[in-house]
Amino acid sequence: MSLLSIRDLCIALPEGADRKYAAKDVSFDLAPGEILCIVGESGSGKSMSANAVMGLLPQGVKPVGGAITFDGQEVLGLSERQMQDLRGRRISMIFQEPLSALNPLMRVGAQIAEVFEAHGELAPQERRNRALKLLEEVGLPDPESAIRAYPFQLSGGQRQRVMIAMALALEPDILIADEPTTALDVTTQAQILKLIENLRQSRGMAVIFITHDFGVVADIADRVIVMQTGEIVESGTADEVLLRPQHPYTRALIDAIPRLNQHDDAEQPARTPVLSVVGLNKTFVVGSGKLFGKPRVVKAVQKVSFELCAGETIGIVGESGSGKSTVGRCLTRLINPDEGRVMLDGADIAHMSGAELREKRRSLQMIFQDPYSSLNPRARVSRILTEGLISYGTPRSEALEKARDLLGLVGLDPSAMNRFPHEFSGGQRQRIGIARALMLDPSIIIADEAVSALDVSIQAQVLDLLADLKTRLNLSMLFITHDLRVAARICDRIIVMQKGAIVEMGPTGKVLHDPDTDYTRSLLDAIPGQEYERALAEAG
Amino acid sequence: QDGTPQQGGTLNVVIQPEPPGLMVGLIQNGPTQMVAGDIYESLLRYDANLQPTGQLAESWEISEDGKTYTFKLRKGVVFHDGKPFTSADVKFSMDKFLRESHSRMRTYMQHVESIETPDDHTVVFNLKQPFGPFIGIFEPGTAPMIPKHIYEGTDFANNPANNTPIGTGPFKFDEWVKGSYIHLVKNPDYYMEGKPHVDEVYYHVIPDAASRAVAYETGKVDVLPGGSIENFDVPRIRDMENTCITDKGWEYFGPLSWLWINLNNKPLDDVKVRQAMMHALDREFAKDALWNGLGKVATGPLSSSTRFYSDSTPDISYDPEKAKKLLSESSYNGETIRLLGLPYGETWQRWAEAVKQNLTEIGIKVEIVPSDVAGWNQKVSDRDFDLAFTYLYQYGDPALGVSRTYMSTNAKVGSPWNNVANYQNPEVDKMFDEAALMASPDDRAAAYKTIQDQIVSDVPNLWLLELGFPTIYRCNIKNPVNTAFGVNDGFRDVWIEKAK
Amino acid sequence: MTRFILGRLIKAGFILLAILIFNFLLIHAAPGDPAAVMAGEAGAADEKFLADLRERFGLDQPLYIQLWTYLQGAVQLDLGFSYRQQMPVAELIADRLPATLLLTGVAFLLSLSLGVLAGVAASARQGSWGDTIISTLALLFYATPLFWVALMAALVFSVWLGWLPGFGYSTVGAGYTGWAHALDVAKHLVLPATTLGLFFTAIYMRMTRASMLEVSRLDFVKTARAKGVKRRVILRRHILRNALLPVITLAGLQAGQIFGGAILTETVFAWPGIGRLMFEAINQRDYAVILGVFYISGAMVLLFNLITDVFYVIIDPRIRLTG
Amino acid sequence: MKDFWTRFRFNRGAVIGLVILAVVIATAIAAPFIFPTSPWKMVQRPFLPPLTQNGLPLGTDALGRDVLAGLAHGAYVSLLVGLVSTVVALAIGVPVGALAGYFVGRVDDALMRFTEFFQTIPSFALAIVLLAIFQPSLTFVIIAIAIVSWPPVARLVRGEVLSLRTREFVEAATLQGLGNAQIILRHILPNALPPIIVLASLMVAQAILLESSLSFLGLGDPNIMSWGYMIGAARTVIRTAWWLSFLPGMAILLTVLALNLIGEGLNDALNPRLTRKSE
Ligand SMILES: Nc1ncnc2c1ncn2[C@@H]1O[C@H](COP(=O)(O)OP(=O)(O)OP(=O)(O)O)[C@@H](O)[C@H]1O
Ligand SMILES: Nc1ncnc2c1ncn2[C@@H]1O[C@H](COP(=O)(O)OP(=O)(O)OP(=O)(O)O)[C@@H](O)[C@H]1O
Ligand SMILES: [Mg+2]
Ligand SMILES: [Mg+2]
């Protein structure tokens, strides 16, 4: 008997959206202990379908047909009260964007403990201990102090792990995970996957796993569903779908999967550095929350130095929480580094301010790790994209024209211009962020997990776009990613970071195939789907 | 009058505004006088016809030439602190204390040559010349008897005893909770047998007029002295059960309201304009609509309760047609007249509006200038107005309360109570001077008649109403008002009839 | 944080001084002076009397000397002497303070708790009958003049029903002590405190409601629901907490006025508090008292602004303040 | 813009509000033509109850003046006082608060100390003192009200901005090269709008009522008919002629209601999350 059964689910979108239905005639079953992976196009309705199971569709989005049966119970008709009992305890969910999904004003420990409280589990002081334990299990370093942190004080991957801890807290019957590892480095990712696997074995937990990472799919999936524009185009066991895809879309997807050894190791011409970073340091000191408690001190960036040359792409990989985003934010002066110099065109922007800084910044753009919170909720996409350009003096019509072009290049419909950020899927928002960064024709882009929420075919499209710009416009890029395959594909050099410091730096091929440090090696070992890659390679 | 007095009980009275202090020798505003009337006494009292009766003085004599006043004091009178009251206290009070700190007394005392105290219970005032009104000044608000033993040789204004006033009156000061109430208790050593009848008096400070009405309605207070509640509320309260109302008790003060006219300003220096304005005012309407029909329409500079009032002055009644005619003959051509309202509550504001409307209707442009009390004082003192509301007390005698308004010698900038209009008529000056010093009341009456006729035809002010300030009280409270001072004379004779 | 607070306190001292000078000049710019007012109440006065008064009050001195004298006292916390009331200002204020604090404090707590509660209730059922009723009531409360409400309340509960005393601070002459006194004062407090509180209740309610509606659509609320957290808890812990910032601002503003008293309410209900004292002092140009009240209430405003700022940081850890 | 209108129109409450406000404004403009005689003219005996006399549907006041004429003429002043003082208060308060909250540090310090300067004097008392100094003409009444009402706006806006300025979308806008002014105007303030709108609609009511309290204390402009004046004047006769305060009270209530409904509609129409119902 299946634990969850979805029949002909139709979810209607409000007027003015991409299409009429976010999901159409979606049907599948989930047995206890089964791991079902949903892959597919960004914006194809994966998140909406998952939300529907939880009864948590956004305002204006409604299920209009079909049935969802959980444990013999029709879910769609349940009252909010009845749903309350199911949520968290029987079915739990990890949402796609962890920053906006966490309460900004509540310490993460409390947010986890709340799950127990909501369902009347455990005594109050034990809840905290359990929360601590959970944070440890998901691999958060120094959980004692992390438990007291606010979401904004955590790195993207750390937040994501908080979400995971929350969802696993009560060991639910079904776990719905919506791209839960987009911000996790591969070792941490492996650890999380192992955790899920354990729960499945011990508790018979069933999992719906939405992801773009075929490596992960290959490693964990029992069955796979492929979605495109709201419909399921193919489904079957993991082997069937991954190795013997039937539908052309699935085949196209699989062809687009980046390979580890895809980079061209052609000898780089000598280039002039455009950005040189010398001795960057940043330490966060955060009150402990108690009046006289010891403050939490995080050495987020320690003595980071490197040079970025014109037309070069440097990948930054490494442990989640190792300071990658912080480096990016220091370079753009969104936060002020404690020490160090950031030389751009011979000027130190680490000690600049005012108009001068604004002028310099034009050539230095960033793609934010959390796309949703970096978009003004009250601005339409058209404004978000064009206002930068307009403020630098470009005529409005020209800016709009360019914005439309860029949207097309990142695979979005021009109709997106008139919508607000909350009306998009996670991947779509990320693409808006990319388009925004490209609007100003920067010479340097700092891309923080810029393609993590994109399905592989769109990812490929975007990466091609970036590569094209790189050659055409001599664009330099700092590409922060946890996906080593992506790094392999577009980076010239790779920096490996751990605990705020650079542990290894070198040409991509060297780092990925002949690393100097154990840490890098452990990363490489943890890359998911290596067997599958081999299998694919054998197959053709 | 109302049967045999019964002893005991508490009297709850409204007081408004809260007095700045209770030492009536230093401060003479209305509320101070009201409370002080229970604590302090003077030599005499005055009945509704302003005839003197004894208080601290048992008997008195005025010499033929009107220059020597001899008072025999009551024996066995003690101050609240137990010290006896003697002629020395009288001399100290009149000659020293009040001469120094009581502005009205200072002027009156100019007529006094010397004060003698042949024995402990006799006081003799020697006047420089006869001064008709002199016998009318021995009331507690004007001539309170102040304990010499406490004040002699001290800085009067800063004497700590000012906070615990001590007099000879029927009630002793007990407690003053600022902002809430003043509590007086019966003086057990009072020299009049069986008096006072009530045990204690509470003066309640309730700043809002409507709340004062509520206080009466809910039985928190039993006596509403004149002016405690808005006039609009009077009929309603009056019609309540067990409620009595009287407009007596103001005879001595004779409050008369008028509009100052700034005679320095054009076109107000034109008598025709003034006459036109006088006839334009519908005072009957004001009386009925704003004062509940209480009081009287004024006929001239004297209130009808004041001595030497003449009822045959030239006609100044409401006649808009005549007013228009006069105006058209006058030098007025469209100037805006600034009318300064009196900041004493709603009635006065409405009145200003009514006057404005009256004048507008005969074709005079008027702008009301609002202000608060201090602003009003300042503006009137500085003569910064065209028309200004006011009302003043007459103290029973034109020489005390009326002449100050019309004498040119008094037309100095810097005070709102002198001849603010800047009325200059040498003849009137002279007649006022003479009339004050005449020994015979008949001569004085004749002189004041001429004065009244003259002033009314000059119209230096626009006389409005003799104000009626009704005292409202529960009918089982007997005798709250039985002198020309009303509640300001203390509750010596008040008693409360217990419910049967 | 400690440094921030200390810095602010030091600055507050200077501002207070500046405000004092400003206030001093301001009220001296108003026409009339206390001598004239006092003389005016007596209904008659001659120049000598006025001159005497002015000399006694020190008003004959040039303004800058008066100011200097006042400031010298003020920095030593000597607020001067009220000639009108014949009492040191500090004593006068201390006398009135308990009544005012009781009234404004109770009204503050009442309105804050009631307003936030009503706002939460209304936003939880947006568009329902409950919401409509609460919103309409709130509208009524703040669109109706305070004195009108006050008078009506006195009329209904005091005159008609006779349940509550309509004015005053306690029953005069009843001689209650201990609990009886407390109960008596409490009874007197009901009408003025509710009247004063109603207006602010309405404000808090509207602000809370609007803010809650805004927050309730954010994603983390969805997360909380996904955890199976009860609606009530979500409202309180997640939505309300995030919606509290503007409410805190307003509460800080109201709290700052806690010493300034409530002029109209105190007047209508004959509440012997600071507000009335101040109003009367303004009318009587009792400079020392006006300045004293402004001084104390100014200090309170500064203090509560500081507390508000500290609350901001506590409520929203993302806020950083430097100063 | 068109889009905004469509959304606004769909909000029934907002439309009703707009209609009421339009009526009030029309009355204010048309009053001198409908009631050409002065509203101060005493036309009948005082305290005539409503609906008892032809031609005086709302009766007369304490001096026998036509209440209906008063209401019509009063609309102008009350609206003017309410709206202008609110606009002025917003015009001062919003920029001050926004700059203080956005720049924090020294600017914040300076601006907030400046605000405190005005805030420390109890607002009602300040209004009274100001009006005692200056002649209470309509202009000064408005100015006085505006002066005492802007500090709360400034503090509210500052609080919101303090919190919003650290959001990532603001950082993103900074990177886009937007000037501070643009960031404040286009990114921060729109997100701080709901409390500002609430406060603004409250302030209009408060201004109208403050004017009434002031004229009740004799500090209004007594030459101009306003609703506040009418309520203040009717206060003393509330027991005997309830309609005299009730009617202008209703007028204020309706106007405030209208402004609130409009505010709410505005709020909803400007909130992208509330729009596009799927019906
Ligand atoms: N505002 C802040 N306050 C305090 N600590 C912070 C803050 N921002 C980041 N940190 C801490 O600094 C460290 C580095 O964070 P950063 O965001 O740079 O990590 P990251 O390498 O980008 O990780 P991820 O891959 O998970 O995004 C983390 O431990 C994080 O908790
Ligand atoms: N509130 C909304 N209003 C209008 N359209 C919406 C809304 N939310 C989502 N959509 C649209 O619904 C479609 C499905 O979105 P969904 O979030 O399910 O995509 P997804 O498959 O999860 O994509 P991704 O991999 O990018 O997260 C998208 O086209 C999106 O634009
Ligand atoms: Mg999604
Ligand atoms: Mg990061």
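Side chains included, hydrogens not; waters and symmetry mates left out as well; all remaining heavy atoms used. In what follows, chains carry the letters A, B, and so on, assigned in the order in which the sequence lines appear, proteins first and then strands, with residues in each chain numbered from 1.
Proximity to chain D (any heavy atom under 4.5 Å) is shown, for B:I229, by neither the backbone nor the side chain. For chain D, the nearby parts of B:E367 are the backbone and the side chain; heavy atoms of each come within less than 4.5 Å. Only the side chain of B:E217 comes within less than 4.5 Å of a heavy atom in chain D; its backbone stays farther off. Residue B:R350 touches chain D through both its backbone and its side chain, counting heavy-atom pairs closer than 4.5 Å. No part of D:R45 comes within reach of chain B, as not one of its non-hydrogen atoms sits under 4.5 angstrom from that chain.
Inter-residue side-chain proximity for D:P46 and B:F232 is flagged as unmet; no heavy-atom pair is nearer than 4.5 Å. Residues B:F285 and D:L63 are in side-chain contact: their nearest non-hydrogen atoms beyond the backbone lie under 4.5 Å apart.
Scanning all heavy atoms of the two residues, the minimum distance from B:A289 to D:A62 falls at CB-O, 4.2 Å. The two atoms that bring B:Q357 and D:S38 nearest to each other are OE1-OG, 4.4 Å, heavy atoms only. Summarising the geometry of B:E346 relative to D:A233, their closest heavy-atom pair is OE1-CA, 3.4 Å, with the distance given to 0.1 Å.
Note: D:I128 CD1 to B:D372 CG = 9.0 Å, rounded to the nearest 0.5 Å. Put simply, CG on B:N358 and CE on D:M42 are 5.0 Å apart, with the number rounded to the nearest 0.5 Å. Between the CH2 atom in D:W40 and the CD atom in B:E353 there is a gap of 4.5 Å [rounded to 0.5 Å].
The number of heavy-atom neighbours closer than 6.0 Å to CZ of B:F469, taken from other residues, nucleotides and ligands shown, is above 12. Atom NZ of B:K325 sits in a sparse spot, with 12 or fewer heavy atoms from other residues, nucleotides or ligands closer than 6.0 Å. Within a 6.0 Å radius of OH in D:Y76, no more than 12 heavy atoms belonging to other residues, nucleotides or ligands are found.
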### Evaluation steps, side-chain hydrogen bond (donor to acceptor under 3.5 Å, both in side chains), between B:Q349 and D:Y229
CA-CA 11 Å; B:Q349 280 187 39; D:Y229 161 81; over 6 Å; no
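Per-residue counts of heavy-atom pairs under 4.5 Å with chain B were compared for D:N223, D:I133, D:D221; the largest is that of D:N223.
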